[in-house]
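Have a look at the structure below, then the notes.
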Amino acid sequence: MGCFHSKVGRQFSGHEDPVILASQTAFSVSEVEALYELYKSISSSIVDDGLISKEEFQLALFKNKKKENLFANRIFELFDVKRKGVIDFSDFVRSLDVFHPNAPQEDKIDFSFKLYDLDRTGFIERHEVKQMLIALLCESEMKLADETIETILDKTFLDADVNQDGKIDKSEWHDFVSKNPSLLKIMTLPYLRDITTTFPSFVFHSEVDEVAT
Amino acid sequence: VAPVTMNAFELISKSQGLNLGTLFEK
């Protein structure tokens, strides 16, 4: 196990100390610093202000200034923990932490529930799922008749909405994803295991000395 | 697989907007 002497200064000025972020997440200090390399490139892609705007987030996701996307917007809103309209570095690290392969399953289930609870009512409602299905169809240029969409919704709510009150609560969601683990695949990013090799340049900017003990 | 046999969340999870892996692709 390593012992870290933080000499946080120029590089992380204005951002949370990587040692603190590492202590509160599944990331090591080096991994937090490597994430900072990624963060810097995203946050400076349109305006170099050290913060990620929604436009910069979409540009990083789609590699072009694509039109608004419901799902990207929703992810952005969830990453924007402090609801400031921008993502700062601690939001970025703490949110990506949920996507770490080692993050607790419960955290992934909670995050995915929030993702689909578009109106933040504490329930995933049928009209929200329909809205997301329609958005997916637009995005993929796939066409389905409204009747087919309703059939898919009927089947989904029959399986997931155990008490048949027309909405999926947290406990029903928990049971549903436990039976359908593939639904949580989007909640794990294997890339996060290799972040220091993907962004090796962090070593040139590292402000933390690791001292083996 | 015909979409009608899939549940709605399986379909939704295929959205490009939910694929955060692209953030890491240079």
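Chain letters run A, B, ... following the sequence lines, proteins first and then strands; every chain starts at 1. Heavy-atom basis, side chains included; hydrogens, waters and symmetry copies ignored.
Of the atoms belonging to A/K63, it is side-chain heavy atoms, and not backbone ones, that fall under 4.5 Å from chain B. At a 4.5 Å heavy-atom cutoff, the contact between A/N180 and chain B is made by side-chain atoms alone. Only the side chain of A/I75 comes within less than 4.5 Å of a heavy atom in chain B; its backbone stays farther off. Residue A/L184 does not touch chain B at all, counting heavy-atom pairs closer than 4.5 Å. Neither the backbone nor the side chain of A/S140 comes within contact range of chain B, judged by heavy atoms closer than 4.5 Å. Looking at A/L70, there are no atoms closer than 4.5 Å to chain B (heavy atoms on both sides), in backbone or side chain. The part of A/I195 that comes within reach of chain B is its side chain, from C-beta onward, which places non-hydrogen atoms under 4.5 angstrom from that chain. Heavy atoms of A/F79 lying under 4.5 Å from chain B belong exclusively to its side chain.
Contact tally against chain B (heavy-atom pairs below 4.5 Å) for A/L61, A/L189, A/I186: the top residue is A/L61. Between chain B and the options A/K185, A/M132, A/M187, A/K130, heavy-atom pairs under 4.5 Å are most frequent for A/M132.
In summary, of the residues considered (A/I134, A/L153, A/I149, A/L118), a side-chain contact (heavy atoms from CB on, under 4.5 Å) with A/V129 occurs for A/L153 alone. Each of A/Y191, A/Y39, A/F99 was compared with B/F24 under the ring-ring contact (aromatic ring centres under 6.0 Å, His included) criterion, and only A/Y191 meets it.
Ring geometry for A/W173 against A/F176 counts as tilted: the plane angle lies between 30° and 60°, on a 0 to 90° scale. Classification of the A/F89-A/H15 ring pair by plane angle, with boundaries at 30° and 60°, yields perpendicular.
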Verdict with supporting geometry, B/Q16 and A/N69, side chain to side chain donor-acceptor pair (under 3.5 Å)
CA-CA 9 Å; B/Q16 200 191 339; A/N69 177 286; over 6 Å; no

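Between A/E150 and A/R126 a salt bridge is recorded (basic side-chain N to carboxylate O distance below 4.0 Å).
With no hydrogens or angles considered, no side-chain donor-acceptor pair links A/Q24 and A/D97 at under 3.5 Å.
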